[in-house]
Amino acid sequence: MFDMMLAWETPGSVAEDEVLENHSALRTTVEIEDEDEGSIFYANSTRLAVQVNDKKTVGLSAFARIAPSCPIIADLVTVHNLFDALTCSSGGRLHFFVFDKYIKNLDKVFRSVKGIMQSSLASSFHPDDGEYILAIDGDRPIHPVLQHIGISAWPGRLLLTTHALYFQSIRVGYGDKIVKYDLATDSDQVIKRDFTGPLGVRLFDKAMMYKSSTLTEPIYFDFPELGGPTRRDFWLAITREVLQVNRFIRKFNLEDVQRAEALSKAILGILRYSAVKEAFHISPSHFKTTLTFSLAEKLPKGDMVLKALYDNYFQLLDTSLSHLATESPVDNKLQSHSLPFSLYALSRMGFILLKRKDEAESEISFCAVCFGVTKPLEAALEESICYSERIEAARASIDQVKVEGVDANLALMQELLFPFIQVVRLIYTLTKWEDPLKSFLFLAFTLYVIQRGFVGYILPLFFSGFAVVMLWHKYNGREQFLGVLEVRTPPSKNPVEQILTLQDAISKLEETLQAVNIVLLKFRAVLFAAVPKTTEMVAVAFLAAATFLVFVPWRHLFLIAVMEVYTREMPLRKQNTEKFRRRIREWWARIPAAPVQMIKPNENKKKR
């Protein structure tokens with residue numbers, strides 16, 4: 001395969017007879033042995049036609065064209081990310097020894113998974129028919145897995161299959177209880193990283209949270225280790241992949257061959273992900289993941305990628321296979337012994353995901369391949385990857401401009417909102433009537449705008465102004481770079497001052513919450529007539545306001561509101577305004593708050 005990549009990339013540098021001989025060698029040396037012999041696959045490297053050395057490397061275009069031809073090696077959706085993972089330390093060129101190491105670790109992963117499926121430990125979980133085990137953890141004392149529910153935690157074994165998560169708790173006096181968390185059902189499931197610690201304290205970022213509408217509270221799986229959260233990240237990635245592929249199956253109502261092919265793609269993606277992790281100790285994340293359905297979920301316009309994958313691949317599977325049955329009885333026999341690409345590859349490796357109804361385990365004769373169906377999928381992927389590159393560049397710029405500290409962020413926000421802050425300050429100054437002429441002219445202008453019905457044009461005018469400024473900068477400032485915003489940093493504070501500032505902010509927040517609750521409790525007392533005279537007064541005021549709002553046009557209401565608010569600090573009204581505010585405060589102070597009783601939660605529920 002590596003020689004074919006070299007030939008694809010530089011066709012003139014390899015003789016035609018060498019390429020043909022290599023192609024023949026590739027077909028004869030890559031063999032798949034029976035499951036009973038315990039071997040997955042191997043390549044007889046002594047018969048390679050072209051001698052590969054460190055100077056011969058492969059680029060992205062050749063790898064992306066040749067590697068997906070073998071679904072075990074790569075998938076069309078994730079082949080670019082797989083190439084990036086394999087060449088992250090070699091400047092975007094794939095060396096043979098790296099590719100060979102990837103293949104050997106892929107073989108090792110296949111052997112490991114088959115060993116798990118054949119072990120007595122896996123059979124103790126009692127998986128359903130057609131449910132294949134993908135990973136298991138917690139079976140060794142040095143790598144425990146803890147399940148947290150509330151403040152309780154206990155160790156156990158965690159197992160992931162193509163349909164569910166299984167946890168076998170190891171609790172003294174309770175036996176080995178197995179709990180199944182079904183990932184194939186539509187139950188609003190959420191899986192994400194989270195913090196855990198003793199007695200429910202959030203201390204260590206090494207846990208995976210699972211939440212479902214069928215559970216009363218979230219479940220946390222903790223993967224304690226001395227280094228970083230590599231085990232947690234691995235389990236989070238592969239569990240999300242199983243969740244996403246089952247969502248894909250439900251969304252497009254896949255059944256039989258289509259469903260088995262989708263699961264096969266997910267299984268192969270998880271095994272490739274495990275091989276990359278074991279070989280190079282990296283876990284590609286976000287837009288660089290090598291998991292097919294997780295990548296489509298994370299990519300911008302990833303829904304279009306999944307739609308193209310369904311329309312141009314899965315939807316044609318039944319058509320292509322059923323077409324064989326309409327030709328002749330011989331073709332009908334071939335149709336019953338043929339499988340699509342990924343499912344065929346897994347079946348040759350000993351993973352039988354699809355069994356015929358009339359046969360216990362059909363012998364697979366050949367693989368049914370649909371030609372010319374990848375173009376729309378490649379176009380959707382190209383558009384999605386283009387958007388993802390823009391998003392990555394935008395995120396890189398965001399990481400560069402992030403500042404730490406509350407004071408620094410407030411200073412930055414004030415600088416960004418400086419024009420709006422100045423406008424608000426100017427209007428506030430005018431409402432104070434410090435300069436009566438300016439205040440009167442502004443009031444007259446505002447009333448004129450309201451009276452003539454120009455209020456409805458303020459927001460469109462605001463948007464139009466922004467659009468004009470943007471277009472002017474686009475066409476007249478094309479050669480100018482965006483200027484750096486200079487912000488004066490506030491004086492630095494030592495840790496003690498920062499703690500005191502934080503404590504003061506928390507105290508102010510608590511006082512604000514108390515004031516809001518007091519207002520709500522007083523309104524509750526008025527609503528339920530705890531103070532009859534006040535309740536009657538407020539009810540009459542509400543009725544009068546309702547009548548006023550019904551019969552008075554909105555334009556007049558707006559005029560009255562503006563006149564009232566704007567002229568409060570006017571010299572002619574200032575004394576009366578202060579007197580009115582005082583009477584309102586005295587009246588509000590006489591209203592008692594409704595009684596409240598805080599009930600502590602039941603501690604027995606947390607300790608269950």
Side-chain angles (χ1 to χ4, degrees), residues 1-14 18-19 22 26 43 45 48-109 227-228 230 233-234 237 268-269 271-292 294-296 298-300 305 378 381-400:
M1 179 176 283
F2 195 85
D3 290 341
M4 297 300 290
M5 294 179 194
L6 291 173
W8 179 275
E9 189 167 63
T10 55
S13 63
V14 182
E18 289 180 329
V19 174
N22 176 63
L26 182 65
S45 59
L48 290 177
V50 180
Q51 188 68 26
V52 181
N53 54 43
D54 291 342
K55 296 182 179 179
K56 295 183 178 181
T57 59
V58 171
L60 175 60
S61 60
F63 184 83
R65 183 57 58 186
I66 302 299
S69 61
C70 179
I72 298 175
I73 305 299
D75 182 78
L76 181 62
V77 177
T78 60
V79 64
H80 289 79
N81 290 350
L82 178 60
F83 182 82
D84 291 341
L86 296 178
T87 61
C88 61
S89 60
S90 57
R93 302 294 299 180
L94 179 62
H95 293 262
F96 175 74
F97 71 89
V98 175
F99 184 68
D100 182 60
K101 184 177 181 180
Y102 166 65
I103 297 296
K104 289 179 179 178
N105 277 271
L106 191 58
D107 177 45
K108 181 181 178 181
V109 169
T230 55
D233 292 342
F234 172 74
L268 290 173
L271 298 180
R272 288 192 295 266
Y273 185 86
S274 303
V276 171
K277 176 180 176 295
E278 293 295 330
F280 309 104
H281 304 286
I282 57 175
S283 298
S285 59
H286 205 64
F287 296 148
K288 295 298 183 181
T289 182
T290 57
L291 299 171
T292 303
S294 296
L295 177 64
K298 294 176 181 178
L299 280 175
V305 175
E378 289 178 350
L381 274 172
E382 184 177 356
E383 182 180 4
S384 182
I385 291 173
C386 180
Y387 273 85
S388 67
E389 291 175 353
R390 296 180 185 178
I391 293 177
E392 285 185 334
R395 286 184 173 174
S397 65
I398 291 173
D399 294 336
Q400 292 177 359

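All figures in this text were calculated on a predicted structure; none of them were measured in a lab.
Between Leu76 and Thr292 the shortest side-chain heavy-atom distance does not fall below 4.5 Å. Residues Leu6 and Asp3 form a side-chain contact, since some pair of their non-hydrogen atoms from C-beta on lies under 4.5 Å apart. Side-chain contact between Phe2 and Ile66 is absent, with no heavy atoms from C-beta onward closer than 4.5 Å. Under the 4.5 Å side-chain criterion, counting only non-hydrogen atoms from C-beta, Leu295 is in contact with Asn81. Two residues are said to be in side-chain contact when any heavy atoms from C-beta on lie closer than 4.5 Å; Asn105 and Arg272 fail this criterion. Side-chain contact between Met1 and Ser69: present, with at least one pair of heavy atoms (C-beta onward) separated by less than 4.5 Å. At least one side-chain heavy atom of Phe234 sits under 4.5 Å from a side-chain heavy atom of Ser274. Looking only at side-chain heavy atoms (C-beta outward), Tyr273 and Thr289 come within less than 4.5 Å of each other.
Listed for the Ser397 side chain is a donor-acceptor partner under 3.5 Å among the backbone atoms of Ala394. Under the 3.5 Å distance criterion, the side-chain polar atoms of Ser384 are left unmatched by any main-chain donor or acceptor of Leu381.
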| task | Please assess Leu271 against Ile72 for the test side chain to side chain contact (heavy atoms under 4.5 Å, CB included), listing each intermediate value before the final yes or no. | result | CA-CA 9 Å; Leu271 298 180; Ile72 298 175; over 6 Å; no
| Test side chain to side chain contact (heavy atoms under 4.5 Å, CB included) applied to Val98 and Tyr102, step by step | CA-CA 6 Å; Val98 175; Tyr102 166 65; 5.7 Å; no
| Yes or no on side chain to side chain contact (heavy atoms under 4.5 Å, CB included) for Phe63 and Leu86, after CA distance, side-chain angles and deciding distance? | CA-CA 11 Å; Phe63 184 83; Leu86 296 178; 4.0 Å; yes
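Contact detail for Met5 and Ala67: the closest heavy-atom pair is CE-CB, 4.1 Å. Of all the heavy atoms in Ala237 and Ser294, the pair that sits closest is O-OG, 4.2 Å. Nearest heavy atoms, Ile282 versus Ala85: CD1-O, 3.6 Å.
Residue pairs satisfying the salt bridge (Lys or Arg N to Asp or Glu O under 4.0 Å) criterion with at least one member in residues 88-97, sequence neighbours excluded, are listed as follows: Glu9-Arg93. Sorted by first and then second residue, the salt bridge (Lys or Arg N to Asp or Glu O under 4.0 Å) pairs with a member in residues 60-78 read Arg65-Glu378, Asp75-Lys265; sequence neighbours excluded.
Taking Glu278 as the reference, nothing meets the salt bridge (Lys or Arg N to Asp or Glu O under 4.0 Å) condition, with sequence neighbours excluded.
The OG atom of Ser61 sits 8.5 Å away from atom CZ of Phe83, with the distance rounded to the nearest 0.5 Å. Distance OG1/Thr87 to CG/Leu82: 9.0 Å, rounded to 0.5 Å. Atom CG of Leu60 sits about 7.0 Å away from atom CG of Asp84, to the nearest 0.5 Å. Here CD1 of Ile398 is found 10.5 Å from CD of Gln400. Values are rounded to the nearest 0.5 Å. Taking NZ of Lys298 as the reference point, atom CG of Leu291 lies at 7.5 Å (rounded to 0.5 Å). Rounding to the nearest 0.5 Å gives a distance of 13.5 Å between CZ of Arg390 and CD1 of Ile385.
When each of Thr57, Val58, Asp100 is paired with His95, the side-chain contact (heavy atoms from CB on, under 4.5 Å) condition holds for Thr57 and for no other.
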